Amino acid sequence: LLVQSLHQVNMNMKWFFAACMLVTATVQGAQNTDCNIGPDGVEEGMGWAGFENPKAPQVCMTHAGRERCFYFYVPECASENSPLVFDIHGTGSCPRDSAYYTGWATLAKENCFVVVWPLGTFDPALAEKSCFAFEGGITMKSGQPTSNCCCTANNYVFVTDLEPFQDLSFIRKVAGAAVQEVTDSTNGKVTIDTKRIYMAGHSNGCIASHAMASQHSDIVAAVCCHAGTSYVDFAPSYEPVPSWSLHGAKDCDMFADGATQEGYGAIGQIEDHARISAKNGCTEEAQTPVLDGATEIGYTIKSTKCTSGADVTKVMLNDAGHIPYLNGGEFEACTESTPVTIDTTAMAWEFCSAYSKAVAPDLSMAPKAPKPDDKPNSAPKEATTPAPPPEDSSSPAPPPGESSSTPAASASPASSSSTLLTWKALLLPLAIIAVVADRMA
């Protein structure tokens, strides 16, 4: 009777397993189509975040022979010489999702800075999922180089031909275009202080932020990003860039310790922190706990006394997963993690907003190679002029047509990449049960 029951369970499990695989394949195939990347994409995400009738225009341009786009948001309280924050999305995601869960749009409304969301590659002929692509090459302590990241093709093999992407020059081009679009769209009432361009982002977007600091340090005032690491090495023209990054110790997607397997190399969080600190000439380091009330939930490593005041900070949260944002819980696929309970985006802004370039950069495409007698284009932290606060930061004026009320919108769906990871987590134990039942029957 037991054998017959197991046989029946096995037959049912096989059908269920087949159905799950079909659903998984459908979800995987839809990863480049279920994100709204149209003109209202970011506005939809901001609506989920509680904005009413938000305005976040899409701007498209030709880059590397393809149409590439970005979105930007100018809060009503923004004025002349406003900071500009890049919020760069992760692999398999899009600006709509970032506008919902990262919290940068809300912080912009409260602190009167402009946000820009560049759109990665959404072409299935080039990559299986939406992404930004970069060339690896950092030699890790293991002796292995970091691999290319983060676009894959042919069943998740990292692409080697990066010519169709050219994402670093694209992001630089977006900075220049955004500065002009903000001025034009507000009739000059709002302008960008190009000495205060900050790189933030999640996962692939955080990798992009580090890559921009490494290769285009002349335009990056500071980095403050989540759940990423460095893949791209420093350019000869590198100027020390202040860097803040946060990572979850239970990140199941980008492991905190990195990876050194055949065909793939990723630098670990602590090793990367030490590498950036050394390049920035930091001479002192201290570790302090991260507290949520009286509860210790992680630790911070701060490297200070750096060249040009370009301090480096690493925040590690003990139980956080791959989406360590206050509003990222529904997207989280790391089953052993717990939701973040502190505003990590506010922590990021507190760091970045303290820094400014000493001289306004040239936003043309190519960074200038420094002359032997050139001084780094960044101001020491002590001499930095912080971003001017709004007249009443506790209750900033809402953007046109916006209020703090939550719109009657449908609940935001989890991203396709998180959905796929969830299905994978479900399928493994089901497959094991099916095999055991088959053997016993």
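Residues: numbered from 1 along the sequence shown. Source: prediction; values computed, not measured.
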S.K.: What are the two closest non-hydrogen atoms of Trp104 and Val115, and how far apart are they?
M.R.: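 Smallest heavy-atom distance, with atoms named: O-CG2, 3.8 Å.
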S.K.: Rounded to the nearest 0.5 Å, what separates atom CG in Leu317 from atom OG1 in Thr344?
M.R.: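 One gets 7.0 Å once the value is rounded to the nearest 0.5 Å.
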S.K.: Sequence neighbours left out, what pairs pass salt bridge (Lys or Arg N to Asp or Glu O under 4.0 Å) with at least one residue falling in residues 177-187?
M.R.: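 Salt bridge (Lys or Arg N to Asp or Glu O under 4.0 Å) check on residues 177-187 returns no pairs.
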S.K.: Any side-chain heavy atom of Arg68 within less than 4.5 Å of one from Thr121?
M.R.: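 Yes. Closest side-chain heavy atoms under 4.5 Å.
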S.K.: Drop me the distance from Asp218's CG to Asp362's CG, to the nearest 0.5 angstrom.
M.R.: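 Answer rounded to 0.5 Å: 8.0 Å.
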S.K.: Give the C-alpha distance, both sets of side-chain angles, the deciding distance and a yes or no for side-chain contact (heavy atoms from CB on, under 4.5 Å) between Tyr238 and Asn280.
M.R.: CA-CA 10 Å; Tyr238 177 76; Asn280 283 11; 2.7 Å; yes
S.K.: Pick out which of Leu84, Asp87, Ile192, Val182 makes a side-chain contact (heavy atoms from CB on, under 4.5 Å) with Val116.
M.R.: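 With Val116 as partner, Leu84, Asp87, Ile192, Val182 yield a single side-chain contact (heavy atoms from CB on, under 4.5 Å), made by Leu84.
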S.K.: Are the sulfur (SG) atoms of Cys150 and Cys131 separated by under 2.5 Å?
M.R.: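 No, because the SG atoms of Cys150 and Cys131 are not under 2.5 Å apart, which misses the disulfide cut-off.
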S.K.: Crowded around Asp292 CG? As in, over 12 foreign heavy atoms under 6.0 Å?
M.R.: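 Buried by this count: over 12 neighbours within 6.0 Å.
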S.K.: Any heavy-atom pair between the side chains of Thr300 and Thr313 that's under 4.5 Å?
M.R.: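 Side chain of Thr313 against side chain of Thr300, heavy atoms only: contact under 4.5 Å found.
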S.K.: Kindly compute the distance separating CE (Met347) from CG (Leu326), expressed to the nearest 0.5 Å.
M.R.: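 Taking CE in Met347 and CG in Leu326, the distance rounds to 11.5 Å.
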S.K.: Out of curiosity, Ser337 OG to Asp251 CG, how far, rounded to the nearest 0.5 Å?
M.R.: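 The OG atom of Ser337 sits 8.5 Å away from the CG atom of Asp251.
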S.K.: Please round to the nearest 0.5 Å and tell me the distance separating atom CD1 of Ile88 and atom CG of Leu119.
M.R.: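 Here the rounded value is 12.0 Å.
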S.K.: Check for a donor-acceptor pair, side chain of Lys302 on one end and backbone N or O of Asp311 on the other, with a separation under 3.5 Å.
M.R.: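 Checking the backbone N and O of Asp311 against the side chain of Lys302, no donor-acceptor pair under 3.5 Å is found.
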S.K.: Can you find a pair of side-chain heavy atoms, one from Glu285 and one from Thr304, that are under 4.5 Å apart?
M.R.: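 Glu285 vs Thr304: side chains apart.
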S.K.: Can you list the steps and then say if Lys189 with Ser79 is a side-chain contact (heavy atoms from CB on, under 4.5 Å)?
M.R.: CA-CA 6 Å; Lys189 294 180 180 178; Ser79 58; over 6 Å; no
S.K.: So, the side chain of Glu332 versus the backbone of Pro324: is there a donor-acceptor pair under 3.5 Å, distance only?
M.R.: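 Side chain of Glu332 to backbone of Pro324: no pair is present.
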S.K.: Are Arg172 and Leu363 packed together at the side-chain level, in the sense that at least one heavy-atom pair is separated by less than 4.5 angstrom?
M.R.: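 Result no, sub-4.5 Å side-chain heavy-atom pair not found.
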S.K.: Using a distance-only test with no angle check, is there a side-chain donor-acceptor pair under 3.5 angstrom linking His273 and Ser303?
M.R.: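 Distance-only check passes for His273 and Ser303.
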S.K.: Can any side-chain N or O of Gln166 pair as donor or acceptor with the backbone N or O of Glu163 at less than 3.5 Å?
M.R.: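 Yes, because the side chain of Gln166 sits within donor-acceptor range (under 3.5 Å) of the backbone of Glu163.
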S.K.: Side chains of His226 and Cys206: closer than 4.5 Å at any heavy-atom pair?
M.R.: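 Contact flag for His226/Cys206 side chains = no.
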S.K.: Are Arg196 and Ser353 linked by a side-chain donor-acceptor pair shorter than 3.5 Å?
M.R.: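 Checked: Arg196/Ser353 side chains show no N/O donor-acceptor pair below 3.5 Å.
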S.K.: Could you tell me if the side chain of Val340 sits less than 4.5 Å from the side chain of Tyr325, heavy atoms only?
M.R.: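 They are not in side-chain contact.
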S.K.: Within the distance-only criterion (no hydrogens, no angle test), does the side chain of Ser209 pair as donor or acceptor with the backbone N or O of Gly205 below 3.5 angstrom?
M.R.: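 Confirmed, Ser209 side chain pairs with Gly205 backbone.
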S.K.: Within the side chain of Ser277, is there an N or O that forms a donor-acceptor pair under 3.5 Å with the backbone of Val312?
M.R.: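 A pair under 3.5 Å: no.
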S.K.: Testing the basics here: between Pro83 and Cys112, what is the closest heavy-atom pair and its distance to 0.1 Å?
M.R.: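 Between these two residues, the closest heavy atoms are CD-O, 4.3 Å.
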S.K.: Between Met61 and Ala177, which heavy-atom pair has the shortest distance, and what is it?
M.R.: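 Of all heavy-atom pairs spanning Met61 and Ala177, the closest is CE-CB, 3.8 Å.
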S.K.: Less than 3.5 Å apart, any donor N or O on the side chain of Asp272 or Ser230 sitting next to an acceptor on the other?
M.R.: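 On atom types as modelled, these side chains qualify, holding a pair under 3.5 Å.
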S.K.: Find out whether Val223 and Tyr198 are in side-chain contact, i.e. whether some heavy atom of one side chain is under 4.5 Å from a heavy atom of the other.
M.R.: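 A side-chain contact under 4.5 Å is absent here.
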S.K.: Determine whether the aromatic ring centres of residues Tyr101 and His202 are separated by less than 6.0 angstrom.
M.R.: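 Centroid distance His202-Tyr101: below 6.0 Å, so yes.
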S.K.: Answer whether the closest heavy-atom distance between the side chains of Tyr100 and Glu330 falls below 4.5 Å.
M.R.: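 In short, these two side chains touch, coming nearer than 4.5 Å.
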S.K.: I'd like to know whether Val232 forms a side-chain contact (heavy atoms from CB on, under 4.5 Å) with Ile138, so could you lay out the CA-CA distance, the side-chain angles of the two residues, the decisive distance to 0.1 Å, and finally the verdict.
M.R.: CA-CA 6 Å; Val232 182; Ile138 298 172; 5.7 Å; no
S.K.: For the residue pair Gln287 and Tyr299, confirm or rule out a side-chain donor-acceptor distance under 3.5 Å.
M.R.: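 Gln287 vs Tyr299: no donor-acceptor pair found between side chains.
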S.K.: How about CD on Glu284, more than 12 heavy atoms from neighbouring residues, nucleotides or ligands closer than 6.0 Å, or not?
M.R.: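 Atom CD in Glu284 is packed in, count exceeds 12.
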S.K.: For Pro118 versus Phe132, what's the shortest heavy-atom pair and its separation?
M.R.: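 In this case the closest contact between Pro118 and Phe132 is O-CZ, 3.6 Å.
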S.K.: Specify whether Trp244 and Phe351 have parallel, tilted or perpendicular ring planes, treating 30° as the upper limit for parallel and 60° as the lower limit for perpendicular.
M.R.: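 Trp244 vs Phe351 ring planes: tilted.
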S.K.: I need the Glu135 CD to Leu168 CG distance, nearest 0.5 Å.
M.R.: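 Interatomic distance, Glu135 CD to Leu168 CG, rounded to 0.5 Å: 10.0 Å.
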S.K.: Over all heavy atoms of both residues, which pair between Asn148 and Gly136 is shortest? Give the atoms and the distance, please.
M.R.: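 That closest heavy-atom pairing would be OD1-N, 3.0 Å.
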S.K.: Classify the side-chain pair Thr152/Glu128 by whether it contains a donor and acceptor separated by less than 3.5 Å.
M.R.: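 Short answer, yes.
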S.K.: Would you say the rings of Tyr73 and Phe113 are close, in the sense that their centroids are separated by under 6.0 Å?
M.R.: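 Here the rings of Tyr73 and Phe113 have centres that are no less than 6.0 Å from each other.
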S.K.: Testing the 3.5 Å rule here: is there a donor-acceptor pair between the side chains of Asn36 and Glu44?
M.R.: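 There is such a pair between these side chains.
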S.K.: Can you tell whether the side chains of Glu239 and Lys357 come within less than 4.0 Å, N to carboxylate O?
M.R.: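 Judged by the 4.0 Å cut-off on N to carboxylate O distance, Glu239 and Lys357 do form a salt bridge.
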S.K.: How close do His210 and Ser245 get, counting heavy atoms only, and between which atoms?
M.R.: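 Taking His210 first and Ser245 second, the nearest heavy atoms are NE2-CB, 4.1 Å.
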S.K.: Spell out, as yes or no, whether a donor-acceptor pair under 3.5 Å connects the side chain of Thr186 to the backbone of Val190.
M.R.: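 Such a contact is found between Thr186 side chain and Val190 backbone.
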S.K.: Please assess Thr191 against Asn81 for the test side-chain contact (heavy atoms from CB on, under 4.5 Å), listing each intermediate value before the final yes or no.
M.R.: CA-CA 5 Å; Thr191 59; Asn81 292 320; 4.1 Å; yes
S.K.: Between Phe86 and Trp117 (judged by ring centroids, cut-off 6.0 Å), do the two rings come close enough to count as a pair?
M.R.: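 Here the rings of Trp117 and Phe86 have centres that are no less than 6.0 Å from each other.
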S.K.: Using only atom types and a distance under 3.5 Å, with no angle test, would you say the side chain of Ser130 pairs donor to acceptor with the backbone of Cys94?
M.R.: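 Checking the backbone N and O of Cys94 against the side chain of Ser130, no donor-acceptor pair under 3.5 Å is found.
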S.K.: Ignoring hydrogens and angles, tell me if any N or O in the side chain of Gln269 forms a donor-acceptor pair with the backbone of Gly228 under 3.5 Å.
M.R.: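 Side chain of Gln269 to backbone of Gly228: a pair is present.
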S.K.: Indicate yes or no for a side-chain donor-acceptor contact from Asp167 to the backbone of Ala133 under 3.5 Å, with no hydrogens or angles considered.
M.R.: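 Such a contact is found between Asp167 side chain and Ala133 backbone.
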S.K.: Ignoring hydrogens and geometry, is there a side-chain-to-backbone donor-acceptor pair from Asn111 to Leu107 under 3.5 Å?
M.R.: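 At least one qualifying donor-acceptor pair exists.
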S.K.: Is it true that atom CD of Glu271 has more than 12 heavy atoms of other residues, nucleotides or ligands lying nearer than 6.0 Å?
M.R.: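 Above 12, so yes.
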S.K.: Tell me whether Asp233 is salt-bridged to Lys279, with the criterion being a basic N under 4.0 Å from an acidic carboxylate O.
M.R.: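 Judged by the 4.0 Å cut-off on N to carboxylate O distance, Asp233 and Lys279 do not form a salt bridge.
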S.K.: Apply the ring pair (Phe, Tyr, Trp, His ring centres under 6.0 Å) test between His63 and each candidate in Phe165, Phe70, Phe170; give the one that qualifies.
M.R.: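 The option that passes is Phe170.
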